[in-house]
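All heavy atoms count here, side chains included; hydrogens, waters and symmetry mates do not. Note that the numbering runs from 1 along the sequence shown for the chain.
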Amino acid sequence: TTTTTTTSTTTTTTTQPIDYIVCANGVLLNGNGDCACSSDCLFCNVDSTAPSNTVASVCTLCTNSKYLYMGSCFDDCMSFRGQLEVGTAVNGRTCVTEPS
């Protein structure tokens with residue numbers, strides 16, 4: 001009779017989530033000062049641990065007739081496979097996934 005014992009090790013890695021604060025029109029919504037989004041971004045999330053809370057990280061609303069795609073603003077959505085342009089206003093245009 002032969003007995004085989006198998007053991008395994010599982011490693012779990014966790015990362016601390018970034019604490020974001022909304023930047024709207026150059027002012028942090030938590031009241032802790034000024035901030036800056038990119039020139040084509042009206043609203044963005046900033047990393048609250050960044051120096052002076054001014055490093056923009058993720059755009060959430062584009063302006064200047066730009067399209068939002070994955071946190072950044074673009075002239076159009078044609079470079080992104082399977083994306084359609086939605087919106088005609090100066091603010092709030094987005095790239096969305098084509099329906100199947």
Q. Would Val22 and Asn45 count as a side chain to side chain contact (heavy atoms under 4.5 Å, CB included) if you check the C-alpha gap in whole Å, the side-chain angles of each, and the deciding distance to 0.1 Å?
A. CA-CA 5 Å; Val22 176; Asn45 293 331; 3.6 Å; yes
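- Counting all heavy atoms, side chain and backbone alike, Phe80 lies closest to Tyr69 at CD2-CE2, 3.3 Å.
- Among all heavy-atom pairs drawn from Asp76 and Ser79, the shortest one is OD1-N, 4.2 Å.
- Remark: SG of Cys37 is found under 2.5 Å from SG of Cys44.
- Disulfide criterion (SG-SG under 2.5 Å) for Cys73 and Cys62: met.
- For the side chain to side chain contact (heavy atoms under 4.5 Å, CB included) criterion with Ser65, the lone passing option out of Asp40, Asp75, Val90 is Val90.
- The shortest heavy-atom contact between Leu68 and Thr60 is CD2-O, 3.5 Å.
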Could you go through residues 93-100 and list every donor-acceptor pair under 3.5 Å that involves a side-chain atom there, pairing it with any protein atom two or more places apart or in another chain?
{"from": "Arg93", "atom 1": "NE", "to": "Ala89", "atom 2": "O", "distance (Å)": "2.8"}
{"from": "Arg93", "atom 1": "NH1", "to": "Tyr67", "atom 2": "OH", "distance (Å)": "3.2"}
{"from": "Arg93", "atom 1": "NH2", "to": "Thr88", "atom 2": "O", "distance (Å)": "2.9"}
{"from": "Thr97", "atom 1": "OG1", "to": "Gln83", "atom 2": "NE2", "distance (Å)": "3.3"}

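- When atom types are taken as modelled, the side chain of Asn64 and the backbone of Lys66 share no donor-acceptor pair closer than 3.5 angstrom.
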